[in-house]
Visitor: 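To start, I am sharing the structure in question, which I have written as structure tokens.
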Amino acid sequence: MEPDAILEELAVAGPWDVRGDGRGVEAPGLDVRAMARLMLDIEARWVTLTVTPAPDDGFRLLFHWDLDGSLLTISTEVPGARAMSIADIWPAADWAEREARDYYAIEFEGRDDVPALMLRPEDEPGLFSRTAELGRNEDPADAARTDGAAS
Amino acid sequence: MSPIIPVGPYHPALEEPYKIELDCDGEAVRNAHITVGFNFRAIEWLAERKNYTQDLALVERVCGICSNVHTLTFSRALEALAGIEVPERAKYIRVIVHEAERLHSHLLWAGIAAEVIGFQTLFMTCFALREKVMDLLEAVSGNRVNYAMNKPGGVTRDIVDPGMVAATARDIHAAMAKDIIPVFTTDPTVRARCAGVGVLTRDDALAWGALGPVARASGLSQDLRRAAPYEIYDRLDFEVPVRPEGDVLARIVVRALEIVESCRIIEQAVEGMPAGPTEVGDFIPIPAGEACARIEGPRGEVFYYIASDGSDVPVRVRIRTPTFQNMPTVALMVKEQTLADVPLIQASIDPCYSCTDR
């Protein structure tokens, strides 16, 4: 499937921003599960999920796919910290969603639970969000602990 | 009630921590649960608080084996952001070091696999060969682990004795063809231990996002050096070994054949390396924007995303390493296998927990 046909199928206005590293598009209101199913159908390859904080307390989710060697990045913003899971469609996304939970406390709907991956089960999720104001010489591990004990 | 056997965080095959809990029925593994994060260092967090020069040294420490691939991917992401074209000679040097790193990584893994199989002579042979690659890397870069060869806009050092590099590649190529590949592909001990063990099907490899030699041993043919060529790979003649079986033996064979291809690539790169500058300059302003970069590392695709606000400190750095994708597939590979095969199966993906945990 051609990249433009992907946008048409997902009802994303586009167009693709064509760069040296591949193509990217902003897709407000993206149905991420429809995207996941389409990528499965066309035998695209999962690359990863990048999460970045958005200016208005939400998050920007960047879904990276490989289609015949070309990198496609489809980005959408979610308000708050809730997003739909695609791990049942793409098991490859499981660890990336768990990592997003660890770093940004994103809650993924549609899965039984989102266990910690890099953090320990007793650690509070959202390590990067909670430590966003810390400087380079401080230790985020101290903020990971909820018992007040320093590392 | 089925016994659950915990293995790790310290475990028998590799000297890195992770934990696998095996739900067993007698000797048969019915299910597995993997725990990682014991080496979590929040490197993405740290990278967003240091400037680009400091980050170059930081990302080289993501991995102690494929350290070069991290600086190369990081540099290429910044070059994409800044719109920089690297000088030709630097591209050749990057490819030579990149392939030498693949050689040492694959030979390290082959030696460990031989030891896990119980083939001590082969372990010694692989490590003796790897030592030649380590000597080469030390001669080129001055270092045996973190080579510090890449920087945005080029490389930090020239290769002053390309003849030595080509001679080493020829030596390894010959030894692989004469000794190691025949043993790995035909020896009855290796076959008995590895054939049909720890199978990952093509469909599962795709669904779980397997990468690199693990994916290619399950019939997925993608190699970024061919599918999305970077540096000078579009000008080089090399094969991409692919096997359909998906078992431990297929993963061994793919890596063994990749060693030969890396030798061929190094020989061609040395022969074609032009004279000229090796960098564009010391100071490269990074404009606001975002960029991704991908490199085919020894274990598979390494992915970086960098967002910049125009300052000298990145706003966001995302690092996705190949073992991060390959490790969950071990839970599929060990199902219905015997407990005794688990160390070999998990070693067969050539896992790197330092990379995974970052």
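Residue numbers start from 1 in every chain, and the chains themselves are labelled A, B, ... in the order their sequence lines are given, proteins ahead of strands.
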Visitor: When heavy-atom pairs shorter than 4.5 Å are enumerated against chain A, which of B:C292, B:A80, B:A228 gives the highest number?
Guide: B:C292
Visitor: Give me the atom names and distance for the closest heavy-atom approach of A:L71 to B:R294.
Guide: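 Shortest heavy-atom separation between A:L71 and B:R294 comes out as N-NH2, 3.6 Å.
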Visitor: State the CG-CZ distance between B:L81 and A:R19, to the nearest 0.5 angstrom.
Guide: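 Separation between the atoms: 8.5 Å.
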Visitor: Considering residues, nucleotides and ligands other than A:D41, do more than 12 of their heavy atoms fall under 6.0 Å from its CG?
Guide: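 Result for CG/A:D41: enclosed.
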Visitor: Is it the side chain or the backbone of B:R358 that comes within 4.5 Å of chain A heavy atoms, both, or neither?
Guide: side chain
Visitor: Below 4.5 Å from any heavy atom of chain A, which atoms of B:R226 appear? Answer side chain, backbone, both or neither.
Guide: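 Neither part, no heavy atoms under 4.5 Å.
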Visitor: Give a yes or no on whether A:E109 atom CD has more than 12 heavy-atom contacts from other residues, nucleotides or ligands under 6.0 Å away.
Guide: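 Yes, CD of A:E109 has more than 12 neighbouring heavy atoms, counting only those of other groups under 6.0 Å.
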Visitor: Looking only at non-hydrogen atoms, find the nearest pair between B:G209 and A:A92 and report the distance.
Guide: N-CB, 3.5 Å
Visitor: Can A:T48 and B:Y305 be said to form a side chain to side chain contact (heavy atoms under 4.5 Å, CB included), step by step?
Guide: CA-CA 10 Å; A:T48 196; B:Y305 164 88; over 6 Å; no
Visitor: Which is it for A:T50 and B:F303 under the side chain to side chain contact (heavy atoms under 4.5 Å, CB included) test, yes or no, and what are the steps along the way?
Guide: CA-CA 11 Å; A:T50 298; B:F303 170 91; 4.1 Å; yes
Visitor: Between A:D68, A:V51, A:D94, A:T73, which shows the greatest number of heavy-atom pairs under 4.5 Å with chain B?
Guide: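 Looking at each of A:D68, A:V51, A:D94, A:T73 in turn, A:V51 comes out on top.
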Visitor: Of the non-hydrogen atoms in A:W90 and B:A207, which two are nearest, and what is the gap between them?
Guide: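 Minimum heavy-atom separation between A:W90 and B:A207: CE3-O, 3.8 Å.
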Visitor: Let me know if A:L62 has heavy atoms under 4.5 Å from chain B in its side chain, its backbone, both or neither.
Guide: side chain
Visitor: Is it true that atom CD of A:E8 has more than 12 heavy atoms of other residues, nucleotides or ligands lying nearer than 6.0 Å?
Guide: no
Visitor: State whether the side chain of A:R45 and the backbone N or O of B:A210 hold a donor-acceptor pair below 3.5 Å, judged by distance alone.
Guide: no
Visitor: Let me know if B:F38 has heavy atoms under 4.5 Å from chain A in its side chain, its backbone, both or neither.
Guide: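 Contact with chain A involves both backbone and side-chain atoms of B:F38.
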Visitor: Pick one of side chain, backbone, both or neither for B:E79, based on which atoms fall under 4.5 Å of a heavy atom in chain A.
Guide: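 Nothing of B:E79, per the 4.5 Å heavy-atom cut-off to chain A.
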Visitor: Nearest 0.5 angstrom please: A:M118 CE to B:N39 CG, how far?
Guide: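 With rounding to 0.5 Å, CE (A:M118) is 10.0 Å from CG (B:N39).
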Visitor: Would you call the rings of A:W95 and B:F324 parallel, tilted or perpendicular, taking 30° and 60° as the class edges?
Guide: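 It falls in the perpendicular class, over 60°.
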Visitor: Is A:A93 close to chain B through its backbone or its side chain, or both, or neither, when contacts mean heavy atoms under 4.5 Å?
Guide: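 Answer is neither: A:A93 stays 4.5 Å or more from chain B.
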Visitor: Is the shortest side-chain N to carboxylate O distance from B:R318 to A:E99 below 4.0 Å?
Guide: yes
Visitor: Would B:T35 and A:R120 satisfy side chain to side chain contact (heavy atoms under 4.5 Å, CB included), going step by step from the backbone distance to the final call?
Guide: CA-CA 10 Å; B:T35 305; A:R120 298 302 93 193; 3.7 Å; yes
Visitor: Please look at B:L224 and chain A and tell me whether the side chain, the backbone, both or neither of the residue comes under 4.5 angstrom of a heavy atom of that chain.
Guide: side chain
Visitor: At a 4.5 Å cut-off on heavy atoms, which part of B:L220 comes close to chain A: side chain, backbone, both, or neither?
Guide: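 Neither; nothing under 4.5 Å.
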